[in-house]
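Working notes, beginning with the structure itself.
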Amino acid sequence: MPRKKKDDTQQKAGVESGSQNREQKAAKQTDQQQSDDQKMQTQKVAVTTTEGNTIDKIRIFQKEGATMVQADYGRLNPDGKTPEERRANMRTQLARQLTPEQAQEYQRLYADDPAKAKEFAVQSVYPMHVDDAAFHQKDTVINDRKVNYITIEKITEDTLLLNALYKEGVNVDRMNREQRTAAIAAMSPDAKQKVLDSEKGLLDKWQLAFGEKGNPDSRFYGIMNHEELASFRHRAEVTLGREEVKDKNGNTVRDKRGNPETREVIKSVGAPLTMADIAGRVEQRVLARHQDNEAKLEAAKKVDWSKFKLPSAANITALRYTPSKEHPDRVWLNGKVNGIEVFGLLSKNETIAAKNKVATLEQVAAANKGFREKVLDIVGPQQKQAVSEEVAVKAIVDRASDSSARSFTTEQVNTLNGYVAGAGTPEERTQVFASLWEKAQPQLIEAGVNEAWQADARKELQDLGEGIVRGEQQAMKR
């Protein structure tokens, strides 16, 4: 019996030992397989581009349910003495997503040839890096005309001076670097300073130019916006957005006005673009903007800005405007009223008027609802009539007499609200407007204005006193 027990023990131990060996062997095989997978995932696959550059350090990884690709792109320096010197011109690109179909194809290729799979992934997400010769092609057609040069450069003082010379008829396109330097040096100090003072807002922005050498009429140049710059850098259609800035504790950072600080971020990267594609888009945007600006400028010129006045008790100083990050087509008006800082976000029309000097900054300050209300709060209720009676009466007469009018215009509403700014309650406003109507009616009767039009204008004036601004759907049809 003892012998048998010993044999059983030895047999059991042998079974356990064999099981452990098998588990260890299986674990070793698993580790080896994982190691092989990692080696294949990180093996040195490099793609040579059509301009002789290199794409390497290719990574394929999963992020939020999507298959992502990231790589370095640039020109290697084989003569560099250190790894840093050899890779000084290599830049890590923004990670881009494979479509579900591309991800499936990548996995299919990977099963047979990991290197080929990586090449496929790179070609799928970085087509304009792989074919960088096509991206930089300059002998092409942009917006239906032939061009043979496209340049993108950061604006310096020399850029501004050369542009000024070009506008004066100097053919800077045919000059080499030395000739351009000499042309700038030949300008008088006063002429240089005048150019730099008038164009200083363009410094450090990026200018795109293209055309046909020897043909000045073909030349176009324009300032690139942030989205176009991002599209150029990533060689694809880029959509930008803004996100709130957070501090280290995850709290929203706010500016001195209490508004959330935001920063520009890339929301998406879409279809590949060449430099010519981007240049064509810049030109179309700039031309459309010029047309739009001309229309807006004409609209701003139609406003009688002289009717907007602030109380004489308000000592306005240090008026200036600054760009709005949240509203690119509007600006903040800043200044001091009796030594107290005041600011207001100008409307688009007010911004156009201020920038183009159609109105003075004082007139724009009086027209702007936010700025005007802050001023009136400072000077006190006794000074809150910011518009003269004459101007307010004229707004009523103009509204009732206009055969095409369906309601008070925005400017007329602002005028009337400015006149009753000191009236605190709807009842007080209504009384003030009733008094204005009594002064306007004799002029309307003398001019023979249709009685139905007068009644419609009076009804709207009463509504305005109660804070109701009429819409087109409420207007009387004439």
Using distance alone, with no hydrogens and no angle criterion, decide if [X] and [Y] have a side-chain donor and acceptor under 3.5 Å apart.
{"X": "Arg75", "Y": "Asn53", "result": "yes"}
{"X": "Ser306", "Y": "Asp304", "result": "yes"}
{"X": "Thr181", "Y": "Glu178", "result": "no"}
{"X": "Asn163", "Y": "Gln207", "result": "yes"}
{"X": "Asn143", "Y": "Gln284", "result": "yes"}

| note | The complete set of ring pair (Phe, Tyr, Trp, His ring centres under 6.0 Å) pairs with one or both residues in residues 218-250, sequence neighbours excluded, reads Phe210-Phe220
| Pick from Thr252, Asp255, Val253: which one makes a side-chain contact (heavy atoms from CB on, under 4.5 Å) with Pro260? | Thr252
Salt-bridge contact [X]-[Y] (side-chain N to carboxylate O under 4.0 Å):
{"X": "Lys369", "Y": "Glu373", "value": "yes"}
{"X": "Glu237", "Y": "Arg281", "value": "yes"}
{"X": "Glu283", "Y": "Arg145", "value": "yes"}
{"X": "Asp56", "Y": "Arg87", "value": "yes"}
{"X": "Glu228", "Y": "Arg285", "value": "yes"}
{"X": "Asp292", "Y": "Lys296", "value": "yes"}

| field | Partners meeting side chain to side chain contact (heavy atoms under 4.5 Å, CB included) with Thr48 (sequence neighbours left out) | value | none
| request: Step by step, work out the salt bridge (charged side-chain N to carboxylate O under 4.0 Å, His left out) result for Glu105 and Arg108. | output: CA-CA 5 Å; Glu105 179 63 10; Arg108 187 189 69 78; 2.7 Å; yes
| query | side chain to side chain donor-acceptor pair (under 3.5 Å) with Tyr73: which of Lys57, Arg91, Arg235? | reply | Arg235
| task | Take the angle between the ring planes of Tyr126 and His129 and call it parallel below 30°, perpendicular above 60°, tilted in between. | result | perpendicular
